[in-house]
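Below: the structure, in structure tokens.
The chains referred to below are lettered A, B, ... by the order of the sequence lines, with proteins before strands, and numbering in each begins at 1. These numbers were taken from a predicted model, which means no experiment stands behind them.
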Amino acid sequence: MTERHNPTAIEKKWQARWEQDRLHEAKDFDPKPKWYFLTMYPYPSGDLHIGHWYAMAPSDAAARYRRMQGYNVVFPIGFDAFGLPAENAAIQHGIHPYKWTTDNINRMRTQLRSMGAMWDWSREIVTCDPEYYRWNQWFFLRMYERGLAYRKLAPVDWCPKDNTTLAREQVVGEERVCERCGTPVIKKNLEQWFLKITAYAEELLDFSGIAWPDRVRVLQENWIGKSVGVEFAMEVKDHPGVSFRVFTTRPDTVYGMTFAVLAPEHPLVDQLVTPDRRREVEAYKFKAARASDIERLSTEKDRDGVFIGAFAVNPMSGEPMPIYIADYVLLTYGTGAIMGVPAHDARDFEFAKKYQLPIPVVIAPPGWDGTPLREAYLGEGTMVNSGAFSGLPSVEGWERIADAMAARGIGERKINYRLHDWLISRQRYWGTPIPIIYCTHCGTVPVRDNELPVVLPLDAEFRPTGESPLKFHEGFRRTTCPNCGRGAERETDTMDTFIDSSWYQYRYVSPHEERHPFEAKRGTYWLPVDQYTGGVEHAVMHLLYTRFWTKVMRDMGMVPFGEPMLRLFNQGVILGEDGEKMSKSRGNVVNPDDYVQNAGADTVRGYLMFIGPWDGGGPWNSRGIEGISRFLQRVWNLVTETTGTREHGNTGTRKDPAASDTRSRVPAIPGSRDLEHWTHKTIKKVTEDLEGFHFNTAISSLMEYVNFLYGIRDEQVGSAQWGEAMRSLVLLLAPMMPHVAEELWEQMGEPYSVHLQRWPSYTEGLANAEVVTLVLQVDGKVRDRVQAAAGLPESEARTIALANERVKKFMDGRQVADVIVVPGRLVNVVTK
RNA sequence: GCGGGCGUGGCGGAACUGGAAGACGCGCAGGGCUUAGGACCCUGUGGGGUCACCCCGUGGGGGUUCGACUCCCUCCGCCCGCACCA
């Protein structure tokens, strides 16, 4: 009698054994080729979600597969331990963020271990540990030295609920809400710290040398928002020496300008406004400020503005143009001022209609009859009413006008980016203190390296208002100036937690290194990350920041490369059984622990991989998981009943199926070639699928293999081929279902551990079938199927088809016009 | 509005480079085993018909081709991202 597969028992057993044997600790400097496999580290929210499993279990399978392929694989794990939920817990429940975070990490470590992943826990990092975040401060100081970290007063996005500023990337949607809590953000003018990511804008558009999904590349490209144009000056009439600059991507339309628009906050507005217009202008400025603050969600986007009384001079035509202010011009983009060309810009068109400004056409649309336009024409065409440039194709005129402006010193070609510098100041407690001291005598003074880390004090008083306790923590705030030694104050803002994740992959290399962020030799061995996996939601945040960070590190001479992760894969999102996003309020949250307890980790892993393509995500199905349970039970029965010391005796040391030509030595059992073929075919398929992260089809081909093996077991048990089949099956299973594979491997009498075995190889000859089904078509319709030798020559296939009774019948006496032969697949007889 | 993706049975999905549509699994139906089973084993399962056979069928329409889920055009629907970016 064979025991039933008991996942709970074997999973516990092997997890303990692997840990005891340090099976998952990666060895630095191993001569095997290295493979750095990284999956995004979790935020310690308290419970491991099925989404974590979906992200991590297939990653683990891929990492395990790499190891069996002969790589020295490191698969590290840690915790993204700073952040707001911890602080909110402190405010709401009186638990200190440190305790809340630590407790959660402890719970999640246990849950993560239940997955049976090959994480190297000896490299674990916890970002709220001073040992970690001191290097955030160190990096900050290096960036400060290089002018890449700076402080400025700027209108910034503020979340009133979380009581902090946010980076532009963290403000989402049309309603401009806080990425974290969904509250609409407001604008505030604040002194904040920024990192100069825009200095790398152009380079961040270059994705050469990395295999990242197009989706992420496009998101980043759009976010960076490069636009090529011309920036030129416009003088203000009757204000000698006063001018402002505008940016345009359409210098070819400059003769069509009939007005100019400044952003309401533009610094020149107060200076230029005429007394008779002042009241109206002030009123509009007030309204615009209010609108951008609160009610941007109003559906009406009426394109309004106010004339300020002054005129600008079109530098090309010399004509005066009324200057307006309007909130459709943003101070934060370009120069905060535009030329209004109503005929060739949709927004300017609307504006001109509303204020009855002329709409002269300067780019003639194809077939234009000279009548007024009903909407702005945005395309290319022939230039008209454009002085000396009339008659040119607009594409050429673009260049000629840009040249002319440059030659006359009016303006020059300019590239603008939508990307903003990264606002990293957070007015919160649970984060890395920014290592800056403000001295009344010396100004802004960086903390000296030997004073690092600036430790976040744990004795903090949390106020219900959400204000940072650091502001009121005298012991923290009061310090002495490193320069002059007099009393000074520390910066009380902390850093965005995306700082932590911008370089965490480097820290795993040597998590306890005390003199550097990471140890150089180990870094040289392991870096960069070979394969990264995680959710696409970080496309323009974490994934952009970490690229930026690496480029800075490269410029500092810390690494010889400019891209942190060579390959990226974005898994999909796992949904609730109802097909909706999982949420507590919907009550459709799947708790992986329950399933692990009942069905086992291998089954949960297998189900998540089987559900569909990994990047597709999809709804959880509690019935569907039974299919995997059954499959594993079938494998269990098959292996335990037909191999091992119990019944059939051990077949001896394992041989690579590809290396052993068993056919010549073992008495031929009818069908054994078939068995070998299936074994090799399956090895090939699973290998290719795991290579491309196609876990779903890898598992289905293993199912087919097992189904086949059940069908022939009575004839084949005891043969050498059967032994090879069993070993191959268990090896192929090992990356995806590591516990059951290890247990079966042991029961087969094979040497520990299955995970240290070499991945089985196959030969093409055996992977290909000897006999194929030849499809016979008449005029493209399948009329018969016949068995034929795989290497059948074309001429013979043709003969078979033409002699076929059913083919003849469907030809119905017509003449053969053509015969198309696809070797090994089909013959199509085309009739006249 | 701009950009990206997707549309295949009751369900999740499969189909290499244009060559057997629906693999594998769930569900369902029938049978076996069993005191019993929601365990296990076997068989069947896209739709329709005049049912040993044939026709239709991958969102709709059109095209290219001997042959289209796959390529091209067009329309419809859904999802995601960005959005007054000059």
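Judged by Watson-Crick or G-U wobble contacts below 3.5 Å, the nucleotide B:rC11 has B:rG25 as its partner. Under the Watson-Crick or G-U wobble criterion, with both distances below 3.5 Å, B:rG37 is left unpaired in every strand shown. Base pairing annotation: B:rC66 forms a Watson-Crick or G-U wobble pair with B:rG19, both donor-acceptor distances under 3.5 Å. The partner of B:rG3 is B:rC80, judged by Watson-Crick or G-U wobble contacts that both fall below 3.5 Å.
The phosphate of B:rG12 has neither OP1 nor OP2 within less than 4.0 Å of any side-chain N or O from A:Asn696. Close to B:rA23, at under 4.0 Å from its OP1 or OP2, lies no side-chain N or O of A:Thr697. Checking the phosphate oxygens (OP1, OP2) of B:rC41, no side-chain nitrogen or oxygen of A:Asn637 falls inside 4.0 Å. Contact check, A:Arg418 against B:rA83: a side-chain N or O comes under 4.0 Å of OP1 or OP2. Within the structure, every side-chain polar atom (N or O) of A:Lys414 is placed at least 4.0 Å from both OP1 and OP2 of B:rA86. Look at A:Arg634 and you'll find a side-chain N or O under 4.0 angstrom from OP1 or OP2 of B:rC41. Contact between the side-chain N/O atoms of A:Arg783 and the OP1/OP2 oxygens of B:rC53 is not found at any separation under 4.0 Å. Checking the phosphate oxygens (OP1, OP2) of B:rG4, no side-chain nitrogen or oxygen of A:Arg215 falls inside 4.0 Å.
Nucleotides B:rA39 and B:rG32 are separated by 14 Å at their C1' atoms, to the nearest Å. Here, B:rU17 and B:rU65 have their C1' atoms 16 Å apart, quoted to the whole Å. Spacing between B:rU43 and B:rC75 at atom C1', rounded to whole Å, works out to 44 Å. Taking atom C1' in both B:rG77 and B:rG25, the straight-line distance is 28 Å, to the nearest Å. Spacing of C1' atoms, B:rG9 relative to B:rG44, comes out at 15 Å, to the nearest Å. With C1' as the reference atom, B:rG13 and B:rG61 are 27 Å apart, rounded to whole Å. Comparing the C1' positions of B:rC16 and B:rU70 gives an interatomic distance of 12 Å, to the nearest angstrom. When the P atom is compared between B:rG46 and B:rA23, the two are found 8 Å apart, to the nearest whole Å.
Spacing between atom NZ of A:Lys781 and atom C1' of B:rG57 amounts to 12 Å, rounded to whole angstrom units. Atom CZ of A:Arg785 is separated from atom P of B:rA20 by 9 Å (rounded to the nearest Å). Rounded to whole angstrom, the span from the NZ atom of A:Lys685 across to the P atom of B:rC24 amounts to 13 Å. Rounded to a whole Å, the CD atom of A:Gln777 is 13 Å from the C1' atom of B:rU65. A straight line from CZ of A:Phe247 to P of B:rC84 spans 16 Å, rounded to a whole angstrom. Separating the CG atom of A:Leu826 from the P atom of B:rA68 is a distance of 12 Å, rounded to the nearest angstrom. Rounded to whole Å, the distance from CZ on A:Phe610 to C1' on B:rG12 is 8 Å.
Heavy atoms of other residues, nucleotides or ligands lying less than 6.0 angstrom from CZ of A:Arg798 number 12 at most.
In this structure, A:Phe259 has its ring center at least 6.0 angstrom away from the ring center of A:Tyr355. Ring centroid separation for the pair A:Tyr595 and A:Trp620 comes in under the 6.0 Å cut-off.
Of the candidates B:rC24, B:rC84, B:rA39, B:rA39 carries the atom nearest the A:Arg4 side chain, counting heavy atoms from C-beta on. Checking B:rC24, B:rA83, B:rG13 against the side-chain heavy atoms of A:Arg168 singles out B:rA83 as nearest. The listed nucleotides are B:rA86, B:rG67, B:rC82; the one nearest the side chain of A:Asn828 is B:rG67.
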Any chance you could lay out the side-chain hydrogen bond (donor to acceptor under 3.5 Å, both in side chains) test for A:Asp348 and A:Tyr328, step after step, and finish with the verdict? CA-CA 10 Å; A:Asp348 297 346; A:Tyr328 79 91; 2.7 Å; yes
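In this model, a donor atom of one side chain and an acceptor atom of the other lie less than 3.5 Å apart for A:Gln787 and A:Thr773. For the residue pair A:Asn416 / A:Ser227, no side-chain donor-acceptor distance below 3.5 Å is found, with atom types taken as modelled.
In this pair, A:Phe569 and A:Trp614 present their aromatic rings parallel. The plane angle is below 30°, not in the 30 to 60° band.
Looking at which nucleotide of RNA chain B each of A:Arg630 and A:Val830 is closest to, the 5′-most match is held by A:Arg630.
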